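Okay, so here's the structure we're looking at.
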Amino acid sequence: MTITNHNSASGRLADDASAAAAAQDVPCEPIVSDDALLDRYQRAAFEYFLHNRNPLNGLHADTSRPGSPVSIAVVGFALSAYPVAVERGWISREQAIAHCTMALHFFRDSNQDGSPEATGFKGFYFHFLDPGAGTRVWRCELSMIDTALLIAGALMASEYFSADNAAETELRAVVDLLYRRIDWRWAQDGKGTIMQGWKPECGFLHYGWEGYSEAIVLYVLAMGSPTHPISHACYHDWTYTYQWENIYGYDFLYAGPLFIHLFSHAWIDFRGIRDGFMREKQCDYFENSRRAVHVQRAYACINPGGHAGYGEDCWGFSACEGPTDEVREVDAEPRNLFGYAARGVPYGPDDGTLSPSAVLACMPFEPELARIAIRTMSSRYPEILTDDCFTSGFNADLRDAHGSAWVSPGLFGLDQGIIVMMLENHRSGLPWRLMRSCGWIVDGLRRSGFDGGWLDAAHGLGDT
């Protein structure tokens, strides 16, 4: 197995993309600079939130498909994306404040009695909501992690809209109320770690947030709460379930799907700060995500399933939508296809489906490798892009009559949100900078045992 280490400047990317296109008999389009492409992709991703927003309550749909419910996590990404859009000149500050405040007012005033027809309970919210009524749908769970993503977005909006005027003061007051009323201790159900969900029909689900996952932002918010904080023991119990592995020569904190290595990083700058677990390993979570990129590329080169297109510049195993047929003939071989699933490496599942948005979101960790991969994939499989928006997933094992790879129909808000956030962290660092100024985030990190780097220099913050 040979994995090339690309250290070239952006001019090399055009050559790589042209060579990849030529190898696949794909016509080369005029060369566009990397910065221009990133701007196009990021703006198109932001526009998802404008096009899939209910103007009557400010809530954002899970997907662009007709009849899609609201995802509270997607609303959290939207609240984070509006400050980016203001800075980039894509929307006015006044319009962004109005959009954010409408959504925040909805959550403030929503039914919190925990009934099957409610919106939430104990400060948490049901995972999916009716786009009009804003009430629970699909008998879904009260989601601790999705509430955390919603609140992270609200806190970022609160940090950005900091002017001393009536509109921005009101926005901050609502965010303050939403965060303070979450009962994180209740979410433990007397257990060592935070539970994953609760339903009015049966109470808490039978599993908690254990093992390394995207829940690090959940634990930091729960630790930083000024009203119902969890104990340090709870955070320690969570990290005690971590799994440190050596895979393809890389020592890293294992998580198979790429989104786990991305989501908390959208808001928290983990560069140079360490908790007790990472101090022991002489690593940090940012470096861990960088190593995860290399593990993903190595697996794509090995390609144990023999899937089409995999390679050092075509990877991205994450939560995404793939083909939904249970079994379908591909090259005369029956293969299981998983639909929407969290694909991961090296232990699977893997059915040939890749997530281009996850690759693009890796720009802060390995910018050259992410640039080359996204250039290669979009050149080789132009069908993965619609109006500069990336599909949730594509599978080159399955081709139509024209030779195009199977692509997920419609767009997913989580994909577009992580693109907006991680590209902005790469381009300007705005989300990280805003959240480094959030006293509750600082409190949560310090109470969780983090120190070093920017956190040691965050004088005057924390202990709010």
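Note that this is a predicted model, so its numbers are computed, not measured.
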**OP:** For the pair Tyr299 and Tyr248, name the ring-plane relationship: parallel under 30°, tilted 30 to 60°, perpendicular over 60°.
**Re:** tilted
Original post:
Do Asp456 side-chain atoms and Asp451 backbone N/O form a donor-acceptor pair below 3.5 Å?
Top reply: no
Subject >> Residues Arg108 and Glu170 bridged, charged N to O under 4.0 Å >> reply: yes
Original post:
Does Arg433 make a cation-pi contact with Tyr160 (under 6.0 Å, within 45 degrees of the axis)?
Top reply: no
**OP:** For the residue pair Met156 and Val84, establish whether any side-chain heavy-atom pair is separated by less than 4.5 Å.
**Re:** yes
Original post:
Is it true that a side-chain atom of Arg447 and a backbone atom of Met223 form a donor plus acceptor pair closer than 3.5 Å?
Top reply: yes
Original post:
Quick one: does Leu354's side chain get under 4.5 Å of Cys314's, heavy atoms only?
Top reply: yes
Subject >> Minimum side-chain heavy-atom gap Leu262-Met421 below 4.5 Å >> reply: no
**OP:** Answer whether the closest heavy-atom distance between the side chains of His265 and Asn425 falls below 4.5 Å.
**Re:** no
Original post:
Going by heavy atoms in the side chains, are Asp176 and Trp440 under 4.5 Å from each other?
Top reply: yes
Original post:
Do Glu280 side-chain atoms and Asp275 backbone N/O form a donor-acceptor pair below 3.5 Å?
Top reply: no
**OP:** Could you tell me whether the side chain of Gln188 and the main chain of Thr193 form a donor-acceptor pair under 3.5 Å?
**Re:** no
**OP:** Answer yes when Arg427 and Asp39 have at least one side-chain N-carboxylate O distance shorter than 4.0 Å, and no when they do not.
**Re:** yes
Original post:
Has Arg136 got its NZ or CZ under 6.0 Å from the middle of the six-membered ring of Phe126, at an angle within 45 degrees of the ring axis?
Top reply: yes
**OP:** Could you tell me whether a side-chain N or O of Arg93 sits under 3.5 Å from a main-chain N or O of Val86, the two making a donor and an acceptor?
**Re:** no
**OP:** Give me the ring orientation class for Phe450 and Phe270: parallel if the planes are under 30° apart, tilted from 30 to 60°, perpendicular past 60°.
**Re:** tilted
**OP:** Using atom types as modelled and distance alone, determine if a side-chain donor or acceptor of Tyr219 lies under 3.5 Å from a backbone N or O of Ile230.
**Re:** no
Subject >> Rounded distance [0.5 Å steps], SG in Cys362 versus CG in Leu423 >> reply: 10.5 Å
Subject >> Salt-bridge contact Asp237-Lys191 (side-chain N to carboxylate O under 4.0 Å) >> reply: no
Original post:
Would a distance-only check, ignoring hydrogens and angles, find a side-chain to backbone donor-acceptor pair under 3.5 Å from Thr135 to Asp130?
Top reply: no
Original post:
How are the rings of Phe46 and Tyr82 set to each other: parallel, tilted or perpendicular (split at 30° and 60°)?
Top reply: perpendicular
Original post:
So Trp184 and Tyr179, would you call those rings parallel, tilted or perpendicular, with 30° and 60° as cut-offs?
Top reply: perpendicular
Original post:
Do NZ/NE/NH1/NH2 and the carboxylate oxygens of Glu141 and Lys199 come within less than 4.0 Å?
Top reply: no
Subject >> Phe204 and Trp198 aromatic ring geometry - parallel, tilted or perpendicular at 30°/60° bounds >> reply: perpendicular
**OP:** Answer yes or no: is there a donor N or O on one side and an acceptor on the other, between the side chain of Glu321 and the main chain of Tyr340, under 3.5 Å?
**Re:** no
**OP:** Drop me the distance from Ile374's CD1 to Tyr41's OH, to the nearest 0.5 angstrom.
**Re:** 7.0 Å
**OP:** Return the orientation label for the Phe277 and Tyr242 ring planes: parallel under 30°, perpendicular over 60°, tilted otherwise.
**Re:** perpendicular
Original post:
Within the side chain of Ser264, is there an N or O that forms a donor-acceptor pair under 3.5 Å with the backbone of Glu214?
Top reply: yes
Original post:
Tyr235 vs Trp238 aromatic rings, parallel, tilted or perpendicular, using cut-offs 30° and 60°?
Top reply: perpendicular
**OP:** Check whether the side chains of Asn288 and Tyr212 place a donor and an acceptor atom closer than 3.5 Å, and report yes or no.
**Re:** no
Original post:
Between the side chains of Asp113 and Ser115, is a donor N or O closer than 3.5 angstrom to an acceptor N or O?
Top reply: yes
Original post:
How many angstroms lie between atom OG of Ser428 and atom CZ of Arg88, to the nearest 0.5 angstrom?
Top reply: 5.5 Å
Original post:
Does Ser289 use its side chain to pair, donor to acceptor, with the backbone of His261 at less than 3.5 Å?
Top reply: yes
